[in-house]
Amino acid sequence: MNNRKYVLSKVIIYSFVISILLPLAIVALWSFVGRWSWPHLLPETISLRGMEELFGGYSSALKTLGSSVLLSITVAVFAVIIGTMTARALVFYDFPGKSIIQFGTILPIIIPSIVFAMGTHVLFIKMGLADSVPGVIIVHLICALPYSIKIMTDITAAFGQRLEEQAAVLGAAPSQIMTAVTLPALTPGLVSSACMAYIISYSQYFLTLLIGGGNVKTFSLIMVPYLQNGDRTIASAYSMIYVISTLLVFVIFELAVKRFSNDESGYFFA
Amino acid sequence: MIKKPFLLLLPVIVLSLLFVIGILNGLIQSFGIMPSLGLTVPTLKYYSEIFSRPDLLSAIGMSLYITLLSSIGAVVLGVFICALLVMSGKAKGRTLQLIKIPIAIPHTVVALFVILIFAQSGLLARVFYHLDIIASQDAFPALLYARNGLGIILAYIWKEVPFVVFFVVSIMANINTSLGEAAQNLGASRWRTFIDITLPLCMPSIKNAFLIIFAFSLGAYELPFLLGSTVPRALPVQAYIEYTHPDLLHRPYAMALNGILFIISFIIAFLYYRLLQHNVVKVNKS
């Protein structure tokens with residue numbers, strides 16, 4: 001193999017990686033900008049205005065951050081539980097209507113959320129779920145579930161049922177089988193599907209706006225006005241916290257899981 | 001033992017029902033049935049009016065244009081990056097972790113990236129100015145809030161290339177090491193092997209990725225709302241405007257626009273389903 005080809009493909013791959021990281025760096029820089037007018041290539045003045053807006057106390061940014069993270073974690077937990085249950089039904093049992101249910105579980109990926117959101121909104125108004133946190137959790141869950149089900153189905157099929165049966169034969173109680181056999185084996189899938197569901201819920205803007213009706217404030221909802229008003233410093237500060245908080249939650253997910261299983265490998269998006 | 005699977009499926013069935021009822025609710029209103037407003041006779045009026053109103057028709061065109069261009073761009077670039085990763089043995093590890101970052105970045109933040117970099121006062125325009133390529137801010141082409149929709153397309157490509165890579169790379173790596181290396185042993189060159197053997201065998205997962213990102217960007221609201229022009233608007237943005245119109249009689253228009261979105265995405269869902277079955281048949285035969 002000649003080396004020049006390798007060098008070229010490395011250059012392309014690394015420039016691609018740079019094009020992914022560069023915008024993040026630019027946002028980090030912009031969140032500390034005081035003045036940066038055209039056509040300067042570097043900021044003219046540095047300011048902590050963006051940070052004051054976030055941490056200063058006159059905005060409710062941190063409070064919203066907290067409740068937003070909590071809401072998305074709730075969605076992630078539900079998605080993982082329901083995803084695992086669905087996967088077990090689909091992998092271990094044969095029943096009438098199985099293929100319809102299988103097809104139904106992937107539909108929310110393909111049918112745009114706006115199509116079901118407006119009809120659901122009308123329904124939720126009648127049911128008293130509109131403008132409420134449970135209503136928002138339910139619609140986020142509908143969008144996040146297909147991914148959790150897909151991931152859990154793959155890992156459940158790969159793991160199979162033999163070890164559980166063996167434990168049962170040896171006299172383990174159902175609860176013991178679950179904590180000692182099933183959960184540790186499914187851990188990688190549980191973490192990836194939790195992460196995926198978390199991302200989908202946390203970055204949801206439109207569904208939260210429509211179903212939450214402005215009553216349910218999430219982080220992605222409160223930063224959009226700054227984007228529209230063209231306040232680049234504050235929009236950047238919000239974006240930076242947004243991205244950092246996502247990564248932080250993933251790290252915590254992973255650490256929590258590592259405490260329960262002895263597996264050393266990282267699962268981030270595994 | 002028919003009970004147990006249904007017990008396990010209960011929550012997903014309830015949520016799916018909600019999803020389906022939501023869609024049906026919208027479709028019913030799109031045929032002009034809103035008893036609370038005294039509309040009870042089904043009609044195709046709203047659909048036919050959409051096709052006779054240039055502003056609504058151009059919303060459909062705008063959405064298809066943005067979606068098609070960005071999805072094709074993302075798939076071509078994504079598959080190309082996959083090929084480079086596989087052939088230089090980087091299909092696993094740190095580089096891949098970095099490439100996956102955009103999957104976790106929300107669309108609203110991606111919109112900010114595009115504004116900071118590609119606006120007429122953005123970084124790229126400043127760099128061009130200092131390189132004497134352009135003489136003023138206005139000489140930089142308008143990519144945002146413009147009819148060409150280039151800002152939105154760039155944002156989607158940034159967000160979706162990693163998704164394509166995520167979807168395709170491990171399958172491609174497997175095929176390349178098993179069948180690809182066999183072909184190389186028989187004397188085929190690397191690229192020849194890739195184009196004749198590996199790529200065709202990856203096609204199902206590439207099509208899969210294409211259908212998903214196509215359906216997603218067709219129905220997504222955030223980016224066209226934040227970066228798009230006011231004329232023509234993208235379909236979801238137009239639908240939301242009609243939905244939130246103070247005159248409730250506008251609501252059937254919103255639902256009919258959604259109905260059109262639904263028809264397009266249902267065709268995609270059908271293709272996706274066929275693709276899945278096709279794969280199953282293939283696997284069973286081999």
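- Heavy-atom minimum distance, B:Ala104 versus A:Thr246: O-CG2, 4.2 Å.
- B:Arg126 places a side-chain N or O within 3.5 Å of a backbone atom of A:Ser37 that can act as its donor or acceptor partner.
- Between B:Phe225 and A:Phe206, the ring centre distance reaches or exceeds 6.0 Å.
- Interface summary for chain B: among A:Leu21, A:Leu145, A:Ile12, the most heavy-atom pairs under 4.5 angstrom belong to A:Ile12.
- With a threshold of 4.5 angstrom between heavy atoms, A:Ile149 approaches chain B through side-chain atoms but not through N, CA, C or O.
- Residues A:Thr86 and B:Leu8 are not in side-chain contact: their nearest non-hydrogen atoms beyond the backbone lie 4.5 Å or more apart.
- Contact record, A:Trp38 with B:Gln120: CZ3-O, 3.6 Å, taken as the closest heavy-atom pair.
- Interface summary for chain B: among A:Ser113, A:Ala235, A:Gly230, A:Pro108, the most heavy-atom pairs under 4.5 angstrom belong to A:Pro108.
- Within 6.0 Å of OH in B:Tyr129 there are 12 or fewer heavy atoms belonging to other residues, nucleotides or ligands.
- The contact between B:Met87 and chain A is made entirely by backbone atoms, counting heavy-atom distances below 4.5 Å.
- Residue contact with chain A, scored on non-hydrogen atoms closer than 4.5 Å, involves the side chain of B:Tyr221 exclusively.
- The parts of B:Ile268 that come within reach of chain A are both its backbone and its side chain, each placing non-hydrogen atoms under 4.5 angstrom from that chain.
- A:Ser236 and B:Leu112 make their closest contact through CA-CD2, 3.6 Å (heavy atoms, listed as atom of the first residue, atom of the second, distance).
- Looking at A:Leu41, the atoms closer than 4.5 Å to chain B (heavy atoms on both sides) sit in the backbone and in the side chain alike.
- Using a 4.5 Å cut-off between heavy atoms, B:Ile260 makes no contact with chain A at all.
- No part of B:Ala83 comes within reach of chain A, as not one of its non-hydrogen atoms sits under 4.5 angstrom from that chain.
- A:Tyr14 touches chain B through its side chain: at least one heavy atom from C-beta onward sits under 4.5 Å away, while N, CA, C and O do not.
- The two residues B:Gly219 and A:Ile114 have their closest heavy-atom pair at O-CG2, 3.6 Å.
- With a 4.5 angstrom heavy-atom cutoff, A:Phe124 touches chain B only via side-chain atoms.
- Annotation for B:Leu116 and A:Arg232: closest pair CD2-CD, 3.6 Å, computed over non-hydrogen atoms.
- For A:Val115, the parts lying near chain B are the backbone and the side chain together; criterion is any non-hydrogen pair under 4.5 Å.
- Looking at B:Ile105, only its side chain comes within 4.5 Å of chain A, counting heavy atoms on both sides.
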Counting only pairs under 3.5 Å, give me each side-chain donor-acceptor contact of residues 10-29 of chain B, with atom names and distances, residues two or more places apart or in other chains.
unit_1  : atom_1 : unit_2   : atom_2 : d
B:Ser16 : OG     : B:Val12  : O      : 2.7
B:Asn25 : ND2    : A:Gly119 : O      : 3.3

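- A:Ile20 approaches B:Leu98 most closely through the heavy-atom pair CG2-O, 3.8 Å.
- Residues B:Pro106 and A:Ser220 are not in side-chain contact: their nearest non-hydrogen atoms beyond the backbone lie 4.5 Å or more apart.
- Contacts between A:Phe16 and chain B at a heavy-atom distance below 4.5 Å involve the side chain alone, from C-beta outward.
- At a threshold of 4.5 Å between non-hydrogen side-chain atoms, the residues B:Met34 and A:Val122 do not count as touching.
- For the set A:Lys98, A:Arg88, A:Gln228, the entry with the most heavy-atom pairs within less than 4.5 Å of chain B is A:Gln228.
- A 6.0 Å sphere centred on CZ of A:Phe253 holds more than 12 heavy atoms belonging to other residues, nucleotides or ligands.
- Counting heavy-atom neighbours within 6.0 Å of B:Phe270 CZ, excluding the residue itself, gives a total of 12 or less.
- You'll find the side chain of A:Phe219 stays beyond 4.5 Å of the side chain of B:Thr108, heavy atoms only.
- Contact annotation for B:Thr244: neither backbone nor side-chain heavy atoms come within less than 4.5 Å of a heavy atom of chain A.
- Both the backbone and the side chain of A:Val27 come within contact range of chain B, each with at least one heavy atom under 4.5 Å from a heavy atom of that chain.
- Looking only at heavy-atom pairs under 4.5 Å with chain B, the residue among A:His40, A:Met240, A:Gln102, A:Gln204 that has the most is A:His40.
- Between chain B and the options A:Ser203, A:Ser19, A:Pro39, A:Gly83, heavy-atom pairs under 4.5 Å are most frequent for A:Pro39.
- Your options are A:Ile106, A:Ile110, A:Leu24, and the one with the most heavy-atom pairs under 4.5 Å with chain B is A:Ile110.
- Between A:His121 and B:Tyr243, the closest side-chain pair of non-hydrogen atoms falls below 4.5 Å.
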